[in-house]
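Input: a single structure, listed below in structure tokens.
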Amino acid sequence: MKKSYQNHPLTLAIIVSFFILASGCSSNSLQIGSINYFNKVEDKTNEGNYLELNNGTKIKGDTITWKAGSFVKDEIKIDNQSLAVKEVKGYRKEDDYYIRIKKEYIKRIVHGTKINIYMMSFNKEYSNGNGGTSVVTKTNFYSQKGDDSPLEVFHKLKSIRRLVADCPVAIKMLDKRNWKIRKAMRKNGNYLNSVFDVYNNNCKE
């Protein structure tokens with residue numbers, strides 16, 4: 001099936017779900033909106049938009065678009081210059097940074113010297129048992145130690161506990177029943193973001 005992306009737009013489901021977390025407060029699973037997608041987390045720069053190649057070289061420009069899929073050529077363009085997706089580690093567009101995973105680019109939603117967090121949402125089709133299908137929006141979160149380590153997917157609150165296990169202050173924020181964490185997340189959309197921020201701030205609030 002063909003995939004074609006222009007600047008990786010958000011689906012309506014992401015926007016709506018940012019404000020309303022999925023039901024099931026005792027669940028250990030992370031949903032769309034569990035970690036705030038919309039925070040501005042990148043340092044200010046005068047470089048403008050750029051592509052970052054695998055070797056660290058940056059190609060500056062204005063307009064960035066990309067496409068990938070079974071029936072299209074996998075490529076990313078900055079202005080009129082085209083490169084293969086596999087040659088470009090990531091790109092910065094305005095105040096956001098996107099990293100490549102397989103043939104796609106996903107947004108960094110937590111940025112720090114110790115750990116980065118990325119998110120990708122996608123639609124998955126299921127058979128409903130009556131000859132039809134239903135589409136469900138799924139979310140993958142990815143952690144990265146530093147800026148150059150491989151990305152590791154995670155879906156659970158317990159995974160966050162593991163990621164910040166060496167920071168007592170961050171663990172204290174998670175050292176409660178899952179339903180209480182969910183309640184805190186509903187009151188503060190940045191609750192889990194702040195757990196990572198504490199971790200990245202040398203374990204200081």
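Between Phe196 and Ile35 there is a side-chain heavy-atom pair separated by less than 4.5 Å. Residues Lys124 and Val135 have side chains not in contact (no heavy-atom distance under 4.5 Å, counting atoms from C-beta outward). Counting heavy atoms from C-beta on, the side chains of Ser194 and Met173 come closer than 4.5 Å. Using a 4.5 Å heavy-atom threshold, the side chains of Gln144 and Glu152 count as separate.
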Quiz item: Ile109 and Val41: side chain to side chain contact (heavy atoms under 4.5 Å, CB included), yes or no, with the steps?
Solution: CA-CA 7 Å; Ile109 60 176; Val41 302; 5.7 Å; no

Exercise. Start with the C-alpha gap between Thr133 and Tyr126, add the side-chain angles, then the distance that decides, and say whether side chain to side chain contact (heavy atoms under 4.5 Å, CB included) holds.
Key: CA-CA 5 Å; Thr133 59; Tyr126 294 90; over 6 Å; no

Quiz item: When you look at Tyr142 and Met120, which way does the side chain to side chain contact (heavy atoms under 4.5 Å, CB included) test go after all the steps?
Solution: CA-CA 8 Å; Tyr142 297 86; Met120 176 178 67; 3.5 Å; yes

Practice problem: Show your working on side chain to side chain contact (heavy atoms under 4.5 Å, CB included) between Tyr199 and Val169 and close with a plain yes or no. | Solution: CA-CA 8 Å; Tyr199 184 77; Val169 180; over 6 Å; no

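Within 6.0 Å of atom NZ in Lys158, 12 or fewer heavy atoms from other residues, nucleotides or ligands are found, so the atom counts as exposed in its surroundings. The number of heavy-atom neighbours closer than 6.0 Å to CG of Asn55, taken from other residues, nucleotides and ligands shown, is above 12.
Closest of all the heavy-atom pairs between Ser159 and Phe154 is CB-CB, 3.7 Å. Of all heavy-atom pairs between Asn116 and Gly112, the closest is OD1-N, 3.1 Å. The minimum heavy-atom distance linking Cys167 with Val198 is given by the pair SG-CG1, 4.1 Å. When every heavy atom of Val85 is checked against every heavy atom of Ile76, the shortest pair comes out as CG2-N, 4.1 Å. Considering all non-hydrogen atoms of both residues, Ile78 and Gly61 come closest at CD1-N, 3.3 Å. Nearest heavy atoms, Ile171 versus Arg161: CD1-O, 3.5 Å.
For the atom pair CG (Leu192) and CG (Leu30), the distance works out to 6.5 Å, reported to the nearest 0.5 Å. To the nearest 0.5 Å, atom CZ of residue Phe141 and atom CD1 of residue Ile106 are 10.5 Å apart. The CD1 atom of Ile117 lies 12.0 Å from the CE atom of Met119; values are rounded to the nearest 0.5 Å. Note: Leu151 CG to Lys145 NZ = 12.5 Å, rounded to the nearest 0.5 Å. With rounding to the nearest 0.5 Å, the separation of OG in Ser82 from CD in Glu87 is 10.5 Å. Of the inter-residue distances, the one linking Asn201 atom CG with Cys203 atom SG reads 9.0 Å to the nearest 0.5 angstrom.
For an aromatic pair to be called close, the ring centres must be under 6.0 Å apart, and Tyr91 with Tyr105 satisfies this.
Here the side chain of Arg92 pairs no donor or acceptor atom with the backbone of Gly48 at under 3.5 angstrom. Checked by atom type and distance alone, the side chain of Asn49 never pairs as donor or acceptor with a backbone atom of Lys60 at under 3.5 Å. A donor-acceptor pair under 3.5 Å is formed between the side chain of Asp79 and the backbone N or O of Asp62. The backbone N or O of Gly146 lies less than 3.5 Å from no partner atom in the side chain of Ser149, so there is not a single donor-acceptor pair. Of the possible donor and acceptor atoms, one in the side chain of Asn188 sits under 3.5 Å from a partner among the backbone N and O of Asn190. The closest donor-acceptor contact from the side chain of Asn123 to the backbone of Lys138 lies at 3.5 Å or more, if one exists at all.
For Thr139 and Ser121, the side-chain atoms include at least one donor-acceptor pair closer than 3.5 Å. Using modelled atom types and a 3.5 Å distance limit, the side chains of Asn36 and Asn193 yield no donor-acceptor pair.
Under the 6.0 Å distance and 45° angle rule, Lys107 does not count as a cation-pi partner of Tyr98.
Using a 4.0 Å cut-off between a side-chain N of Lys or Arg and a carboxylate O of Asp or Glu, Asp96 and Lys40 qualify as a salt bridge. For Glu42 and Arg108, the salt-bridge test passes: some basic side-chain N is under 4.0 Å from an acidic carboxylate O. A salt bridge links Glu47 and Lys58; the closest N-O separation between the charged side-chain nitrogens and carboxylate oxygens is under 4.0 Å.
Partner of Lys89 under the side-chain hydrogen bond (donor to acceptor under 3.5 Å, both in side chains) criterion, out of Asp147, Asp148, Asn54: Asp148 alone.
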